[in-house]
Structure formats: C-alpha cells, structure tokens
Amino acid sequence: MRWNKSLIPTLKEEPADAEVISHKLMLRAGLIRQLSAGLYTFLPLGWGAMLKIMQIIRDEMNAIGGQEIFMPALNPIEIWRETGRAEDMAEIMLQFTDRKGRETCLAPTHEEIITDIARNEIRSFRDLPQTWYQIQNKFRDEPRPRFGLLRVREFIMKDSYTLCSSWNELDTEYLKHDYAYRRIFTRCGLEYIVVGASSGLMGGSASQEFMVPSDAGEDKIVFCDQCGYSANMEIAKSVPNEVKFVEITEQKKVHTPNLRTVSEVSQFLGLPEHQMLKSLIYVSESDGKPFMVLIRGDHQLNEEKLAQFVGSVVRPAEPEEVIQWFGVPVGFLGPLNTPENLRIFLDESVPDDEEIKFASGANEIDYHIVGFTVGDIRIDERGDFRLVSDGEGCPECGKKLSIRTTIEVGHIFKLGTKYSEAMGATFLDDQGKQNPIIMGSYGIGVGRILASAIELYSDDDGIVLPITIAPFEVIITALDVTKPEVVRVADKLYEELRGKNIDVLYDDRDERAGVKFKDADLIGIPIRITVGRKVADDIVEIVLRRDHSTQEVNVASAVDKVIELKEMLDNEIFEKLDKIERKWE
RNA sequence: CGGGGCGUGGCGCAGUUUGGAAGCGCACCUGGUUUGGGACCAGGGGGUCGGAGGUUCAAAUCCUCUCGCCCCGACCA
C-alpha cells in the first residue's frame, strides 16, 4: 500500500480522552477512531492488524477440526428466555422492539443459537463430536466501557462451541481448544498465563482463562512462582497468614458509640482486626432471601465464591434493608441473637478453637459483644468465602503467592448440558437412548489481542508490533521523493517485495525525513527500509523497529536481507510453538 | 446507578472567577526558502463556544434543564 493517498491519520499530540498506552497509541498511530463510548472504527492499519489476528485464529481453529459458520447477531429474545439468560444477562443485553413489535436483542454471545442449530440438526451420536466457530461482532451494554479496545460495547469475538456425546469427548475437545488457544496467543506474539477461572453466567463445570500480564488489565490473577499454581482471583485459594489471638477472659457487651468499622472497633477494644468477625448481610437474587456471612476482620469477602456457594447471583443488602430486617445499622451486626430463619455461613479460615474468642456487633445500636467462640454461633454451613491477598501461602506448596493485573484475552468453558437440557438438544446414543448433548464454549477477544500486544510492546517512539500481527511487515521510507533515483529504487523494492508476498507499506509522501521516521516508528512496522541519499552509492538502510539496529546493504541484496530478517522475526515466535503439547493424545 | 472532571475550528488548549468585537499552538490551503529524526518566512480558509430555554442593552462567560465524553466507585459494615 502506498501511504500518500492512504487513510493513516497519525497524531502528533496525545488524545485527551485516552488513559492506557494501547488506547493512546492506537489513536495516535491512526489504527482506530472512536465513534461513541465503547464504539470504535478500525481504520486501515488497525483493521489490517485485526485481519492478521483473525487469520491466525482461523488457521488454528481449522487445525483442530473447527468449522467456520456465521450466526445472526440480531436475535429474537424468545430464544434467550428458553435458558433463562434473557433474565440473567438483562443488565448487559441490548434489547429493543422492532417495528412489528417483536422483542429483539443483539447477541452478547451465542450458546442459545448454537443449541438451536444443534437441536434441529443433530440426531445421533454418529454426528458427534462437532466443533463450530465464528468470528463475529458481539454486543454488550457494558455499564462502563473504558481503556480503548479493552472494554467496549461492540467487539469482535471468535466464539466456538463443541458438541459431544460423552464427558470424555468433551475433555478431548476442551484440551484441543486449550492447545489451539496457546498456539494462537503464541503466534500473536503475546505473553500469557493460563489460569483456572469462574464460569460465572456461562454456567458449567470447569473453565480456564488466558491472561496477558498488564497493568491496563481489569482482572487480577493469583499465582505461585514455585509450583506454578495459578487462578483468577475470583476462585483463588490460599493459606492465610498465621496470626496470634489475644486472650479474652470473659464474654461481655461493650458500649461502642458510633464505632462501626472493623478498624475503629478493634482499635477501641484493643483487639487485633483478625479477632473481629465481620458480619456481612447478602441477598440471594434467586429467592430474594438474606443470609449472613462471617469472615475474619482482616479478610475480605469474595463475592464470586459466595455466589458459587449459594448457587445464585448475590448482592450486598442495602443499609435500609438491614435496618428493616435487623433493627440495627450494618456497623453493629453480629452473629449472636440473630433471627432463627437467617442462614449463617462461616468462612473456613475462622478457627473454631474453644480458646479463641472473637468480637463482633451485638445487634444492638452502639454495642459490640466481646469474648465468644465459633461454638457459640448457630452456623448453617462453612465454606471458602475469602478473597486471597498478596503474600499469602500457596494452597499447593505453601510458598508465597503473588497477585498480578491481567487482560483476559481468551476463556474456555466446559458447559456440560445446561443449554442442551434447557432447549432440548439431544442425540440418540449407541443404545438408542436419548441424551442431552454435552457442550463446551470457547471465546477469544480479537481486539483485546491487538490492544494487549500494544500494551506489551511499545516504547517512547510508539508501537512495536510482533511481525505476525503487524498490518505490514515492512515499511519503505523514501526520503525526498523529489529525487528521481530515490523514487526509482523505492518503487523497485516495493514491487519486488510485493512479488515475494511481503506485506509492505510504501511511504511515498512528499514529507521531510523527520516526519516520516517519526510516523514509521509510531505505527510500529517491524522492518524499515530507508531509501535516501545513499542510493547514489547504491546503498539503502534496513532498520529493525524494536531496537533501531541498522544495517546498510546494496540495493540488489536488500530484498533478500529483508526476507532474512522477516524469517528471523517469524522464527522467534514460531520456535515457541514446539513447546505446546497435544495433551489429548 | 453514585461521586468527580470536561465539552470553545480536524487535534491539543486559553478565555468563564469579575458579562462588553472568539483567541493560541499544531494540522490544512497559496507562494517562497529548506530537505536524514515531527523546518522556516509571508499570506489565507475554517468555529451554531455540545443542545434548549431563561436573565440582560449585551452571554462562551450568569441561571435552569438536557445531551455527550472521560475518570473513580458500584462489596468489606
């Protein structure tokens, strides 16, 4: 492509509305433009990179037997009601009524549509397994789009779905996806960590996320350097730090006027925070009933774990609700003298030793109770409700855990039969018996791959894209296009490289050298050929974007040299593929 | 949804406190000089000051409503 008439609107100044590096650079380098909150247009350079990424995805999906299809993004809401997700996803689903009065939505994902195809087309175990995928726009009415392409309302996702006749078959298809995903992210040049994750609104038994370490991310993962344990913070476990408990001799009620927080009360009582019991009131969204969760005062609640435990989305009770139900403000809630029908859950890390005594609210305004044991509490169930914090012990090996902010670029789920049962997608097994199809679901955020690559690879001059996803592999910077010999050589190199199937951008603009160098660095094309005054001596320069290392070569050998560098850069990435195992074989 | 910030040529901003002729830098157009890391000189085009209503002799500026964008939060009692 020739730059002169191309839509590559680079910006000298930083856009005011961009916060994270990838967002700033994508705007500055002319990859994207914003239409509205969470809605972006891909301009030629951005779309070029997206197409590269999508081609890698297609390659790898096809390699594990995936068949590409394309489903409507516009869905009748009725099909979403069949699984109950019209309700569950109501918050993020864009819905409207069309002109004939039909209730319609823009699909945030496609399990229901896939299951519909499956129930219409799949009859026998002989038809299974199947892997269907598409690359398509998804719509999610995010409460708060942000960080450029990292959280948007309309985005391109590769979503695939496996249909199996047995759980073993599902395990295989899941491992194949794990393999394909590792290859995809590796080929895109990303660093990533695979973690165990919560399946959230998708449902199902197991899931893994593919996370790119980056401060721009919105997810936190917990990992152990020693043994390799890793998990999303939402489900991560840990061994809490050892703490000492102060001896308390008698149980008594203490006047604690206006002291509501754990730290206020523990200071007032002269007790460590871990000897307080936090009494949190949550409400199960499925039955609307409140329940109490008790955790140590120095710990934090993990809502995701709680939701999994009670089997429903949960929300913290409103302060007004607490006063209405318990007659006290939240700051004075405690586990003793609670209503009989209130379920009480205790975090498993709270010791139930007879000798260890706790303090908590007294369920009476301005009073706390000091000196009770876990045995004094009417506990319904115990479970793991804690949020892991940095430096706690690894649940596998006991060494210290670390926490890292990451970008989620992929997520794979073993769905099981949640959708097939709800929608009646069945097959006949070899005994002639009808069974629900066993499903898996697998997603990749295409735009997030691009954004996280830029988060990983940039410098003060701009983007430094991995060659595999760069919209162009080579840029020819022709300096002073008013000189015929410069143009002649640059034109020749351009045609030759294109003839060798190299993706090359030809900067043929009548601009000063500084402008062209700055722009070339900004947009991050991996290899640059500078055609300038040295053509008089039959010489051009070849420069690598990542370190600006430069070599001068004869015009005649320039194409070979470029191909050599391209292969070197490609190989650096492809070498890593050898380490990825085919675990299902 | 709660809190905060911001809407002024394509981009980045000043002007708003204290009402009185819409400005600056970049970009763009013309001419000239330049030409290897975001050139210089001269001339020029382009703005319903987010929108609506109000106050006033007079509104970018004050008041009311509204729309949009960005940031923090939406859980720790």
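Since this is a predicted model, take the numbers as computed values, not measurements. Worth knowing before you read on, the calculation uses all heavy atoms, side chains too, and leaves out hydrogens, waters and symmetry mates. So that the names make sense, note that chain A is the first sequence line, chain B the second, and so on, each numbered from 1.
- Between the CD1 atom of A:Ile8 and the P atom of B:rC11 there is a distance of 20 Å, rounded to whole Å.
- Within 4.0 Å of A:Gly331, counting heavy atoms only, lie sugar-phosphate atoms of the nucleic acid but no base atom.
- Between the side chain of A:Asp480 and the base of B:rG36 there is no donor-acceptor pair of N/O atoms closer than 3.5 Å.
- Phosphate proximity of B:rC69 to A:Ser36: present, with a side-chain N or O under 4.0 Å from OP1 or OP2.
- B:rG46 and B:rG23 are spaced 14 Å apart, taking the C1' atom of each and rounding to whole Å.
- The listed nucleotides are B:rC75, B:rA77, B:rA39; the one nearest the side chain of A:Glu303 is B:rC75.
- Contacts of A:Val262 with the nucleic acid, taken as non-hydrogen atoms under 4.0 Å apart, involve only primed sugar atoms and P, OP1 or OP2.
- Taking atom P in both B:rG50 and B:rC13, the straight-line distance is 15 Å, to the nearest Å.
- Comparing the same atom, P, in B:rG15 and in B:rG20 gives a spacing of 14 Å after rounding to whole Å.
- Atom-to-atom, NZ of A:Lys24 to C1' of B:rC71 comes out at 13 Å; the value is rounded to the nearest Å.
- Contacts of A:Arg28 with the nucleic acid, taken as non-hydrogen atoms under 4.0 Å apart, include base atoms.
- Contact annotation: A:Arg146 reaches the phosphate of B:rC72 (side-chain N/O to OP1 or OP2, under 4.0 Å).
- Spacing of P atoms, B:rG25 relative to B:rG43, comes out at 12 Å, to the nearest Å.
- Checked against B:rA27, B:rC70, B:rA77, the side chain of A:Val330 finds its nearest nucleotide in B:rA77.
- Separation of atoms CG (A:Leu43) and OG1 (A:Thr41) is listed at 6.5 Å; rounding is to 0.5 Å.
- Base pairing analysis places B:rA14 opposite nothing; no Watson-Crick or G-U wobble pair with both distances below 3.5 Å involves it.
- For A:Leu522, counting side-chain heavy atoms from C-beta on, the closest listed nucleotide (B:rG36, B:rG38, B:rC69) is B:rG38.
- Atom-to-atom, CG of A:Leu479 to P of B:rG38 comes out at 13 Å; the value is rounded to the nearest Å.
- If you check B:rG37, B:rA77, B:rA27 against the side chain of A:Phe517, the one that comes closest is B:rG37.
- Base engagement by A:Arg528 is indicated by at least one non-hydrogen atom pair under 4.0 Å involving a base atom.
- Counting distance only, with no hydrogens placed and no angle test, the side-chain atoms of A:Arg509 and the base atoms of B:rG38 include no donor-acceptor pair under 3.5 Å.
- Here the C1' atom of nucleotide B:rC76 and the NE2 atom of A:His274 are 18 Å apart, to the nearest Å.
- Figure legend. B:rG53 is base-paired to B:rC63; pairs are counted as Watson-Crick or G-U wobble with both atom distances under 3.5 Å.
- When the C1' atom is compared between B:rC1 and B:rG38, the two are found 44 Å apart, to the nearest whole Å.
- In this structure, A:Leu333 reaches neither bases nor backbone, as no heavy-atom distance under 4.0 Å exists between it and the strands shown.
- Across all strands shown, A:Asn302 has no heavy atoms under 4.0 Å from either base or sugar-phosphate atoms.
- Here the P atom of nucleotide B:rC75 and the CE atom of A:Met233 are 16 Å apart, to the nearest Å.
- Distance alone, capped at 3.5 Å, is enough to place a donor-acceptor pair between the A:Glu392 side chain and the A:Ser389 backbone.
- Rounding to the nearest 0.5 Å places CG of A:Leu259 at 8.0 Å from CG of A:Leu269.
- Under a 3.5 Å cut-off, the side chain of A:Arg153 and the backbone N or O of A:Pro145 do not form any donor-acceptor pair.
- Distance check on atom C1': B:rA77 versus B:rU17 gives 42 Å, rounded to whole Å.
- The same atom, C1', is picked in B:rG10 and in B:rG53; the two are 31 Å apart, to the nearest Å.
- An OP1 or OP2 oxygen of B:rG36 is reached within less than 4.0 angstrom by no side-chain nitrogen or oxygen of A:Lys534.
- For A:Arg512, taking side-chain heavy atoms from C-beta onward, the closest of the listed nucleotides B:rC75, B:rU34, B:rG36 is B:rU34.
- Residue-level contact check: A:Glu541 touches the bases, meaning some heavy atom is under 4.0 Å from a base atom.
- For a distance-only test at 3.5 Å, the side chain of A:Glu13 qualifies as a donor-acceptor partner of the base of B:rG25.
- In this structure, of B:rG36, B:rA39, B:rC69, it is B:rC69 that holds the atom nearest to the side chain of A:Gln34.
- The residue among A:Pro316 and A:Lys516 whose nearest nucleotide of RNA chain B is located toward the 5' end is A:Lys516.
- Of the candidate nucleotides B:rG12, B:rA77, B:rC69, B:rG12 has the atom lying nearest to any side-chain atom of A:Ala16.
- Taking atom C1' in both B:rU18 and B:rC29, one finds a spacing of 40 Å when rounded to whole Å.
- Among the nucleotides B:rG37, B:rA74, B:rC76, the one closest to the side chain of A:Pro143 is B:rA74.
- In this structure, B:rC6 and B:rG68 make a Watson-Crick or G-U wobble pair, each of the two defining distances being under 3.5 angstrom.
- As the counterpart of B:rU30, B:rA42 is assigned, both hydrogen-bonding distances of the Watson-Crick or G-U wobble pattern falling under 3.5 Å.
- Atoms CG (A:Asp510) and C1' (B:rG38) sit 15 Å apart, rounded to a whole Å.
- A straight line from CD of A:Glu264 to P of B:rC76 spans 13 Å, rounded to a whole angstrom.
- Distance from the side chain of A:Arg144 is smallest to B:rC71 among B:rC69, B:rG36, B:rC71.
- Separation of the A:His23 and A:Tyr40 ring centroids falls under the 6.0 Å cut-off.
- Distance from the side chain of A:Leu301 is smallest for B:rC76 among the nucleotides B:rG37, B:rG38, B:rC76.
- With respect to A:Lys400 and A:Asp390, no salt bridge is recorded, no charged nitrogen being found less than 4.0 Å from a carboxylate O.
- Remark: A:Asp347 pairs with A:Ile295, A:Ser349, A:Val350, A:Asp384, A:Phe385, A:Arg386 by the side chain to side chain contact (heavy atoms under 4.5 Å, CB included) rule, at least two apart or across chains.
- Here the C1' atom of nucleotide B:rG10 and the CG atom of A:Leu7 are 13 Å apart, to the nearest Å.
- In this structure, A:Phe332 has its ring center at least 6.0 angstrom away from the ring center of A:Tyr367.
- The distance from the CG atom of A:Asn302 to the CG atom of A:Leu387 is 5.0 Å, given to the nearest 0.5 Å.
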